Amino acid sequence: MVNALEVERLSVRLGAAEVLAELDFTVAAGSALAIIGPNGSGKTVLLRALIGALPHRGAVRWAPGTRIGYVPQKLDIERDLPVTGRDFLRARASVAGAAPADAARALDLVGLPAQSAGRRIGALSGGQFQRLLLACALVGRPSVLLFDEPTSGVDEPGEERLYEMIHRVQAAEALTLLLVSHELSVVYRYAENVLCLGREHRCLGPAREILTPETIARVYGEAPRYHHHDGR
Amino acid sequence: MDASGVALSVGMAAAAGLVGCFAVMRRMTLASDALSHVALPGIGIALALRVHPGLGALAALLAGAALIWGIERRTGISTETVVGVVFSLALAVGAMLATGEELVDALLGAPGTLGGWEVGLGLLGALAVTVFVLVERHRLVLSIVSADIARTSGVRVERLELAFLLAFALTVALGLRYLGVLLMGSLVIIPAATAKNVARDLGQMFAVAVAVATTSTLGGELLAARLHRPTGPLIIAVTAAAFFGSLLLRRR
């Protein structure tokens, strides 16, 4: 299988602290990799190093022609910033070299009504804003999606819908997905592989092998919120 | 005021309105005010060397913009603090270099008579800033909402920041003649802040900021000629009146 991403001996230092050390993994094209771990284990740092936003040692190799759609964890947006969802999508379409119609298609994919896209981004609810960010990531037909806690700021039913949507879009567009999440039940359901970044313990493998109570306890140091969902 | 004088003040004010939109959205209100002060030592040195003061101001401003950029790239330093200290020092040094009437003109602005080449260069500068902001607006918007989204969209964020700060410095240099080093930062910030209060989207913000900046500049100049007062304070008084008016219309 072709790899969308190959990471070799990746190390990231923030000030005096080595946040990631000698990390190796690959992500097969079209597959979903979940990145889990306790707070402060370097999940966001890993994503930001992968997109070249942080200086690092080691190699990060994306497949030739990779187009990345990135959904960041939290954005510090002023409520009264006079930028509407439409302004934002138009900006992304222009910069990514996509046709303006691509923005409408992305809105459709994430199910955000045109009326909401016409409002200022600071005035959107948490769920609407996450959908807008997802739509933005989908403009320009990316081949890889990177999600950093896509459901932060979203209530529980909204969270469920958002993950369903991400999964639907990933399948429809044959995307490679890298997903940081605290929701282990979601990880279990949607990700083929799991990379855990514990402070003491790191592991990588298929979700069914990794997500055992023993491994989770070792990664998190205690039992986190976790329950298997059946089917659905 | 002749036609070329009007054209130059309109061009300068339009550039200030546009650059200001992104300065306000980047939350660099205080830094931009402080940055305009750095022009003063440039003017002082230019006068001592018998060079055109506008060139001294421009050189100092571009250096100041590069300095802010350098500071912002380093983590762990409080940008506002360093900017405040360095540029207040620049104001102090500049005040020691220039004296008397020169100093008052440099601080508050004095349009005087313009040479043909001054008008030409000024219009060229205003055009360059306007084109830069309009062409780069999509990249600027993405990097304001999220630098990481901009980065993954192919924007070279650090380079864009430097280009923006240089455009900002050029805009301040263009307006010094009218507003002086103390007030030019305000012509960049206040019209954009006014526009932010009333605009529903980015297009409206640009339109309102440019309209407020150009009408206040022309209105301030007319009042200054009539009342025999320095232009800078009157331009700012008019634009500040627009700002307070916009608070009444503010969208929630």
Side-chain angles (χ1 to χ4, degrees), chain A residues 14-16 44 47-55 62 66-98 100 103 117-123 129 132-137 139-140 142 144-146 148, chain B residues 17 20-29 73-77 133-161 191-209 246-247 249-252:
Chain A
L14 293 182
T44 297
L47 285 196
R48 298 197 67 228
L50 294 180
I51 62 170
L54 288 177
W62 292 100
T66 296
R67 293 179 308 280
I68 296 177
Y70 177 66
V71 179
Q73 181 180 23
K74 255 192 204 125
L75 288 181
D76 179 19
I77 305 269
E78 278 180 89
R79 273 193 67 78
D80 59 351
L81 195 71
V83 173
T84 63
R86 204 164 283 126
D87 286 329
F88 180 53
L89 291 179
R90 200 179 291 140
R92 160 81 178 171
S94 162
V95 174
R119 294 174 62 200
R120 291 179 174 205
I121 53 179
F129 187 58
L132 179 69
L133 287 180
L134 178 58
C136 172
V139 168
V144 178
L145 282 182
L146 302 186
D148 195 353
Chain B
C21 289
F22 287 103
V24 165
M25 289 195 279
R26 283 179 97 241
R27 291 180 241 186
M28 53 177 284
T29 314
R73 279 165 59 101
R74 284 169 213 284
T75 52
I77 306 174
V133 173
L134 293 180
V135 168
E136 298 293 338
R137 66 188 190 283
H138 292 312
R139 287 187 175 77
L140 290 165
V141 165
L142 277 193
S143 62
I144 282 171
V145 175
S146 158
D148 286 341
I149 291 179
R151 214 168 260 125
T152 50
S153 307
V155 178
R156 302 171 84 154
V157 176
E158 282 77 19
R159 190 188 281 195
L160 182 69
E161 299 266 295
T194 306
K196 191 175 166 216
N197 283 340
V198 296
R200 288 164 201 268
D201 60 26
L202 202 59
Q204 284 187 8
M205 184 171 186
F206 289 158
V208 175
S246 76
L247 288 179
L249 302 170
R250 186 161 190 202
R251 296 177 51 79
R252 299 209 170 268

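In what follows, chains carry the letters A, B, and so on, assigned in the order in which the sequence lines appear, proteins first and then strands, with residues in each chain numbered from 1. These values consider heavy atoms only, across backbone and side chains, with no hydrogens, waters or symmetry-generated copies. Source: prediction; values computed, not measured.
- Chosen from B:Lys196, B:Met25, B:Met205, the residue pairing most often with chain A at heavy-atom distances under 4.5 Å is B:Lys196.
- When heavy atoms are compared at a cutoff of 4.5 Å, A:Leu146 does not approach chain B at all.
- The choice from A:Ala53, A:Ala96, A:Gly52 that makes the most heavy-atom pairs within less than 4.5 Å of chain B is A:Ala53.
- Using a 4.5 Å cut-off between heavy atoms, B:Arg139 contacts chain A through both its backbone and its side chain.
- Proximity to chain A (any heavy atom under 4.5 Å) is shown, for B:Val145, by both the backbone and the side chain.
- When each of A:Val95, A:Thr84, A:Ile68, A:Ile77 is scored by its heavy-atom pairs under 4.5 Å with chain B, the top score falls to A:Val95.
- A distance of 5.5 Å separates CZ of A:Arg92 from OG1 of B:Thr152, quoted to the nearest 0.5 Å.
- Proximity to chain B (any heavy atom under 4.5 Å) is restricted, for A:Leu75, to the side chain, taken from C-beta onward.
- The choice from B:Ile149, B:Asp201, B:Val157, B:Asp148 that makes the most heavy-atom pairs within less than 4.5 Å of chain A is B:Asp148.
- Between B:Arg137 and A:Arg90 there is no side-chain heavy-atom pair separated by less than 4.5 Å.
- Applying the 6.0 Å contact sphere to CZ of B:Arg27 captures more than 12 heavy atoms from other residues, nucleotides or ligands.
- Using a 4.5 Å cut-off between heavy atoms, A:Ile121 contacts chain B through its side chain alone, with no backbone atom that close.
- A distance of 11.5 Å separates CG in A:Leu89 from NE2 in B:His138, rounded to the nearest 0.5 Å.
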